[in-house]
Amino acid sequence: PLLLIGRKSKLKTNRGDLWLIGNCEHFYNGVTPSSVGGQPFQAFALHQNGDTGASATGVILMNYINIVTCSVLFGFISLIYYPHYVAGLANIEGLDMDLSSLQWIAVLGIILNSINLAFFAVLGFSKTARKVIMAVVNFLLKPKFLNKRLHRFVPMIEEYLEKTQATAKEVIGHYKTFLLAVFLRMLILCFCYAIPFFLMMAMPSLEIGWGDFWVCLLGNAFATVCVAWFPTPGAVGAGELVGAVVLGSITVRSGQALDYNVAQAISLLSRGISFYMVLILSFIASMAFEIRISRKEKAALSQLQIESRETPKENEETEE
C-alpha cells in the first residue's frame, strides 16, 4: 500500500527504498509502546532519501489513515459475532480467571481506533485544525524569553503544515489508487487474521470446518483491534491472552469446550507467524535500508571530496 501511495505522490525515494521503508514499519511498531514508532521512522527515512519533510509526512499520514481505516472496518464487522466472543470468555477449560471485563475493553479499543481515525483525518484535511495548531503554537510562545528564541520557527511550522495537507489532498485526489491501497491492506489483514483457523484445523481433537472460517477470521480481527492500544510494545502479552480467549468462541457454535493449554498454544503459534516472524523480517529490512543509506551517504561524501579537489585547479587555470 505504501508503495502505491508513494509512487503516485511522485516521491524522490526509489521503489526499492520505498518497499524497504514500508516493511520497516512492523519492527519499529513492534518494539515501541502502543505501536507508535513505525510512522515517525518512515517519515524520517523518506526525508533521508531526499524527500521534503512535508511530502514525507503527508504520504505517511495517508498510509496511516489507510491502516486505521481497515482496522476500524474490521473492528465493526467483527461485532457480527460479538455474542460468540462473550460466550467464549467462559468456554475455556482450565482458565481460573474472570475475563468478562474484556468484552468492554474490546469495545473501548474499537471506539478509540475510530476516534484515532477521525483525529488524523481532520489533521490531514482541515484548515481549521491547522489554524488551531498554529494558535496553540503562538500561545505557547507568548512568554518573551521563548518568543525571542523560537518565533522565527513559526512560519516554518505553518508552511510545513500547509504542505503536509497539500500532499494528503494530492493522495486522496487519486482516489482509485487510494482505494486500491485500502483493498490491498484489507487483503493483507485477511491473510493474517485467517492463520488461527488453519492452526485449529490442524488440531485433530477439534471439530472445526469451513463453516467456522469467518467466525475465526473476524474473531482474530476482534482480538487484534481490542488490544491495539495496550501500552506494551506490540501489545505483547495482551495479544496472546485475548487471542486465546477469543478462540474459545469458535467452539461455542459446535458445543465444544476448548482447553486453555490448547487455546494458548494456537494463540502463541498464530502470534509467532503473524507478529514475531514478521518482526524479524522487518528488522532485516530495516538493516538493509540502513546499509543502503550508509552507502549513498559515503558515495555523496566521496563526490563532494572529488569536487572540492577539482575546484582549486579550475580557479588556478582561470587566474592564468
Side-chain angles (χ1 to χ4, degrees), residues 1-2 19-42 45 63-64 66-68 70-71 74-75 78 85 88 92 95 97 99 102 105-106 109 113 184-203 206 208 213 216-250 258-291:
L2 178 62
W19 186 83
L20 287 172
I21 291 167
N23 284 296
C24 290
E25 173 197 359
H26 312 296
F27 172 71
Y28 288 96
N29 275 344
V31 297
T32 52
S34 300
S35 304
V36 297
Q39 283 68 41
F41 170 78
Q42 287 180 316
N63 189 55
Y64 182 67
N66 177 16
I67 292 169
V68 181
C70 294
S71 180
F74 263 113
S78 69
Y85 311 143
I92 299 182
L95 183 61
M97 297 172 64
L99 298 174
L102 280 177
I105 295 172
N113 255 3
L184 287 176
R185 179 71 188 176
M186 294 288 283
L187 194 62
I188 291 167
L189 291 177
C190 280
F191 280 116
C192 291
Y193 295 154
I195 290 170
F197 172 75
F198 294 100
L199 292 173
M200 291 180 79
M201 285 193 75
M203 297 293 297
L206 295 177
I208 299 295
F213 177 77
C216 189
L217 185 146
L218 292 174
N220 197 32
F222 179 82
T224 304
V225 172
C226 78
V227 298
W229 291 88
F230 202 77
T232 58
V236 171
E240 288 80 359
L241 175 62
V242 175
V245 172
V246 171
L247 285 176
S249 67
I250 312 304
L258 185 64
D259 184 82
Y260 178 60
N261 293 324
V262 175
Q264 194 174 39
I266 294 171
S267 179
L268 286 170
L269 282 170
S270 176
R271 285 279 285 177
I273 295 168
S274 63
F275 178 72
Y276 295 105
M277 187 184 292
V278 171
L279 197 70
I280 294 168
L281 294 173
S282 181
F283 174 74
I284 294 170
S286 178
M287 290 299 97
F289 174 75
E290 292 300 332
I291 290 169

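This structure is a prediction, so every number in the text was calculated from the model and none was measured. In this chain, residues are counted from 1 in sequence order.
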First locate atom [atom1] of [X], then atom [atom2] of [Y], and finally report the distance between them rounded to the nearest 0.5 Å.
| X | Y | atom1 | atom2 | answer |
| --- | --- | --- | --- | --- |
| Ile195 | Asn220 | CD1 | CG | 8.0 Å |
| Arg271 | Leu279 | CZ | CG | 10.0 Å |
| Cys24 | Ile284 | SG | CD1 | 11.5 Å |
| Asn63 | Ile21 | CG | CD1 | 11.5 Å |
| Phe289 | Phe27 | CZ | CZ | 14.0 Å |
| Ser71 | Asn66 | OG | CG | 11.0 Å |

Tell me, do [X] and [Y] make a side-chain contact under 4.5 Å, heavy atoms counted?
| X | Y | value |
| --- | --- | --- |
| Phe41 | Asn29 | no |
| Leu2 | Gln42 | yes |
| Tyr28 | Pro40 | no |

Original post:
Has the side chain of Ser78 got a donor or acceptor atom that lies under 3.5 Å from a matching backbone atom of Gly219?
Top reply: no

Original post:
Is a side-chain N or O of Ser282 found less than 3.5 angstrom from the main chain of Val278, in a donor-acceptor match?
Top reply: no

**OP:** List the steps and the verdict of side chain to side chain contact (heavy atoms under 4.5 Å, CB included) for Cys190 and Phe74.
**Re:** CA-CA 9 Å; Cys190 280; Phe74 263 113; 3.6 Å; yes

**OP:** State, to 0.1 Å, how close Ser270 and Leu199 come at their nearest heavy-atom pair, and which atoms those are.
**Re:** N-CD1, 3.5 Å

**OP:** Taking all non-hydrogen atoms of both residues into account, name the closest pair between Leu184 and Pro1 and its distance.
**Re:** CB-CG, 4.3 Å

Subject >> Geometric class of the Phe213/Phe198 ring pair [parallel <30°, tilted 30-60°, perpendicular >60°] >> reply: perpendicular

